Amino acid sequence: MADKDSKAKENVVGKYYVDENCIAAKYCVSVAPEVFRMSESGGHAYVYKQPTTEGEEAAAQDAIMGCPVSSVGEDGD
């Protein structure tokens with residue numbers, strides 16, 4: 001389960017986030033490129049833009065389910 005108290009600093013404010021335990025597997029970026037990006041260093045992903053459509057929301061949920069280390073989360077805000 002993602003830790004909302006250790007969100008990556010690059011995340012935009014909102015419901016979805018990536019925490020600092022990300023291992024840069026790039027799963028979230030591959031399933032939801034309109035929401036997630038890789039950091040400049042390539043060491044972790046982050047939420048570039050919060051979902052605004054049903055498709056983006058579904059893709060973000062897929063990212064949560066498929067993250068191999070459970071670093072993608074939603075805090076319900």
Side-chain angles (χ1 to χ4, degrees):
M1 174 180 240
D3 181 1
K4 68 180 181 179
D5 294 324
S6 68
K7 294 178 182 176
K9 65 182 180 200
E10 296 92 342
N11 289 305
V12 296
V13 175
K15 179 178 178 178
Y16 292 95
Y17 63 92
V18 177
D19 73 18
E20 294 176 350
N21 295 312
C22 177
I23 61 168
K26 301 179 185 173
Y27 179 78
C28 60
V29 176
S30 70
V31 298
E34 61 283 341
V35 176
F36 299 95
R37 299 266 169 97
M38 294 303 296
S39 65
E40 285 188 28
S41 69
H44 64 276
Y46 66 96
V47 175
Y48 168 77
K49 179 183 87 71
Q50 293 292 328
T52 56
T53 67
E54 287 183 25
E56 290 173 353
E57 184 79 26
Q61 287 293 319
D62 286 346
I64 289 173
M65 299 305 293
C67 178
V69 293
S70 300
S71 285
V72 179
E74 85 173 282
D75 60 17
D77 291 344

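Note that the structure is predicted; figures quoted are calculated from it, not measured.
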**Item:** Residues clustered with Val69, ILVMFWY side-chain links under 4.5 angstrom
**Value:**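 Taking Ile, Leu, Val, Met, Phe, Trp and Tyr as members, Val69 shares its hydrophobic cluster with Ile23.
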**Message:** Side-chain heavy atoms under 4.5 Å apart, restricted to Ile/Leu/Val/Met/Phe/Trp/Tyr: what other residues fall into the cluster of Tyr46, or is it alone?
**Reply:**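 So far as hydrophobic clustering goes, Tyr46 is joined with Tyr48.
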**Request:** Step through the shown structure and confirm whether more than 12 heavy atoms of other residues, nucleotides or ligands are within 6.0 Å of NZ on Lys26.
**Result:**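 Open.
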**Item:** Whether Asn11 side chain and Tyr17 backbone form a donor-acceptor pair below 3.5 Å
**Value:**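 Not at all, since once roles are kept as given, no pair shorter than 3.5 Å links the two residues.
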**Message:** If I compare all heavy atoms of Ala2 with all of Asp19, which pair ends up nearest, and what's the gap?
**Reply:**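 The pair with the smallest heavy-atom distance is CA-OD2, 3.4 Å.
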**Message:** Tell me the closest heavy-atom pair linking Pro51 and Ala60, and the distance in Å.
**Reply:**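 Closest pair (atom of Pro51, atom of Ala60, distance): CG-CB, 3.9 Å.
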**Message:** To the nearest 0.5 Å, what is the distance between CD on Glu57 and NZ on Lys15?
**Reply:**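 The NZ atom of Lys15 is 4.0 Å from CD of Glu57, to the nearest 0.5 Å.
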**Item:** Test side-chain hydrogen bond (donor to acceptor under 3.5 Å, both in side chains) applied to Tyr16 and Gln50, Glu56, Gln61, the passing residue
**Value:**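 The single option meeting the side-chain hydrogen bond (donor to acceptor under 3.5 Å, both in side chains) with Tyr16 is Gln61.
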**Message:** So if I apply the side chain to side chain contact (heavy atoms under 4.5 Å, CB included) rule between Lys7 and each of Asp75, Val18, Val47, which one comes out positive?
**Reply:**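 Of all the options given, the one that passes is Asp75.
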**Request:** Report the residue from Ile64, Asp62, Val72 that forms a side chain to side chain contact (heavy atoms under 4.5 Å, CB included) with Cys28.
**Result:**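 Testing Cys28 for a side chain to side chain contact (heavy atoms under 4.5 Å, CB included) against Ile64, Asp62, Val72 leaves exactly one candidate, Val72.
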**Request:** Find out whether Met65 and Tyr27 are in side-chain contact, i.e. whether some heavy atom of one side chain is under 4.5 Å from a heavy atom of the other.
**Result:**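 Side chain of Met65 against side chain of Tyr27, heavy atoms only: no contact under 4.5 Å found.
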Let me have the donor-acceptor pairs involving side chains of residues 33-43, under 3.5 Å, with sequence neighbours excluded, atom names and distances please.
from, atom 1, to, atom 2, distance (Å)
Ser39, OG, Ser41, OG, 3.2
Ser39, OG, Gly42, N, 3.2
Ser39, OG, Gly43, N, 3.3
Ser39, OG, His44, N, 3.4
Ser39, OG, His44, O, 3.2
Ser41, OG, Gly43, N, 3.2

